[in-house]
There are 2 protein chains.
Amino acid sequence: MANSPPRAAAPAALPAEPTQASRFGKARTAQSGALLEDYVELIADLLADGGEARPTDIARRLGVTHATAIKTIGRLKREGLAVAKPYRGVFLTEAGEKLALRVRARHRVVVDLLLAVGVPMESAESDAEGIEHHVSDVTLAAFARFLGRT
Amino acid sequence: MANSPPRAAAPAALPAEPTQASRFGKARTAQSGALLEDYVELIADLLADGGEARPTDIARRLGVTHATAIKTIGRLKREGLAVAKPYRGVFLTEAGEKLALRVRARHRVVVDLLLAVGVPMESAESDAEGIEHHVSDVTLAAFARFLGRT
DNA sequence: CGGCAAGTGTAGCTTTGGCTACAAGATATA
DNA sequence: TATATCTTGTAGCCAAAGCTACACTTGCCG
Ligand SMILES: [Mn+2]
Ligand SMILES: [Mn+2]
Ligand SMILES: [Mn+2]
Ligand SMILES: [Mn+2]
């Protein structure tokens with residue numbers, strides 16, 4: 001008899017409903033924090049690099065208008081991650097700094113993992129900007145292990 | 001003299017502004033298609049599995065209310081990915097089917113890559129649900145190569 | 001056949017994250 | 001100092017994606 005044909009099949013069985021719902025839910029949750037993570041990481045880098053993080057610079061680096069950036073900085077403040085006095089630039093709170101450190105370290109591990117499996121540099125940097133926000137602690141640990149960083 | 005201390009440093013130099021803006025922009029773009037990709041993939045799986053894709057089932061599997069699902073199905077229709085007559089279930093257009101195949105294949109490669117570098121199964125499945133949408137064609141090809149699927 | 005439960009659809013609200021347009025403060029320079 | 005330019009802030013608009021509440025179909029079963 002003929003072998004079962006090599007078709008692009010659906011998964012053998014669908015995951016159980018609650019399992020699948022939880023996976024999608026986690027992805028949604030992760031996504032909702034992504035923007036804040038990127039802002040905080042960028043602000044930390046700007047502060048480290050030049051001593052100041054101005055709304056216009058943040059906006060230009062993110063590729064959005066300054067109005068958008070300022071509104072999001074407002075959210076950062078509301079959530080206790082940043083402080084900013086009018087016309088005086090943006091700074092991170094303690095919570096913000098801690099988040100920035102975590103996010104920056106994760107970013108680097110993700111890029112390195114991508115490079116390690118053969119992804120070209122610019123694709124790695126570009127894709128990592130989105131991927132990083134969906135890398136859980138468990139996965140991050142596995143990446144670090146794979147890279148030989150115990 | 002003392003070595004440069006091992007601090008959790010910012011990147012040696014910040015990327016050029018337009019480069020960084022383009023990276024963030026790509027991540028935003030990718031994200032905006034993510035929801036549609038998940039719907040289309042899920043609908044294809046449901047159709048393959050049971051012959052029908054009902055709004056309520058879609059909603060339950062995604063972990064959202066049926067109202068939310070129905071509204072997004074509306075967007076799918078607007079974008080020419082699905083068709084649905086009232087009370088008659090959802091089906092994919094040709095474009096929808098093609099997208100579903102691509103997305104499903106990518107999903108599998110991403111999960112397999114994660115497993116291959118040592119991520120535990122459930123984390124791989126869970127994180128892949130978000131990561132997949134940020135994996136570019138170049139990166140996907142690199143993953144396939146790494147997995148030995150030329 | 002009648003009625004009830006399940007499924008479907010609609011309306012209206014909220015938050016987020018974009019945008020443009022305009023107003024006002026700060027800074028540099030002539 | 002006066003003025004022009006850059007920067008910052010605000011207001012108001014939009015679309016997406018979530019929700020609850022309510023209304024209407026369908027389809028099954030007694
Ligand atoms: Mn990012
Ligand atoms: Mn990043
Ligand atoms: Mn997904
Ligand atoms: Mn998927």
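Since the structure is predicted, the reported quantities are computational estimates derived from the model, not experimental observations. Numbered from 1 within each chain, the chains take letters A, B, ... in sequence-line order.
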Considering all heavy atoms, the nearest His134(A)-Ala27(A) contact: CE1-O, 3.6 Å
Taking Leu113(A) as the starting point, is it possible to reach Val103(A) by hopping between hydrophobic residues whose side chains are less than 4.5 Å apart? no
So which heavy atom on Ala124(B) is nearest to which on Leu115(B), and how close? CB-CD2, 3.8 Å
Decide, yes or no, whether a salt bridge links Asp112(A) with Arg149(A) under the criterion of side-chain N to carboxylate O below 4.0 Å. yes
For the student: nearest non-hydrogen atoms of Val117(B) and Val117(A), plus distance: CG1-CG1, 4.1 Å
Arg54(A) side chain N/O closer than 4.0 Å to the phosphate oxygens (OP1, OP2) of dG9(D)? no
Which heavy-atom pair separates Val110(B) from Glu132(B) by the least distance, and what is that distance? CG2-CA, 4.1 Å
Want to settle it: does Pro86(A) or Arg88(B) sit nearer the 5' end of DNA chain D, counting the closest nucleotide to each? Pro86(A)
N/O contacts under 3.5 Å, protein versus nucleotides 17-23 of chain D?
from: dA17(D); atom 1: OP1; to: Arg75(B); atom 2: NH1; distance (Å): 2.9
from: dA17(D); atom 1: OP2; to: Arg75(B); atom 2: NH1; distance (Å): 2.1
from: dG18(D); atom 1: O6; to: Lys71(B); atom 2: NZ; distance (Å): 2.4
from: dC19(D); atom 1: OP2; to: Thr65(B); atom 2: N; distance (Å): 3.0
from: dC19(D); atom 1: OP2; to: Thr65(B); atom 2: OG1; distance (Å): 3.2
from: dC19(D); atom 1: OP2; to: Thr68(B); atom 2: OG1; distance (Å): 2.9

Write down the atom of Pro55(A), the atom of Ile70(A), and the distance for their closest heavy-atom approach. CB-CG1, 3.9 Å
Reading DNA chain C in the 5' to 3' direction, which nucleotide is the first one with an atom under 4.0 Å from a heavy atom of chain B, and which is the last? dG7(C) to dG18(C)
Using side-chain contact (heavy atoms from CB on, under 4.5 Å), reason through Glu125(B) and Arg23(A) one step at a time and then give a plain yes or no. CA-CA 8 Å; Glu125(B) 289 287 358; Arg23(A) 288 175 189 166; 3.5 Å; yes
d(NZ, Lys85(B); P, dT25(D)) in whole Å: 18 Å
How close or far is atom C1' of dA16(D) from atom CD1 of Ile70(B), stated in whole angstroms? 17 Å
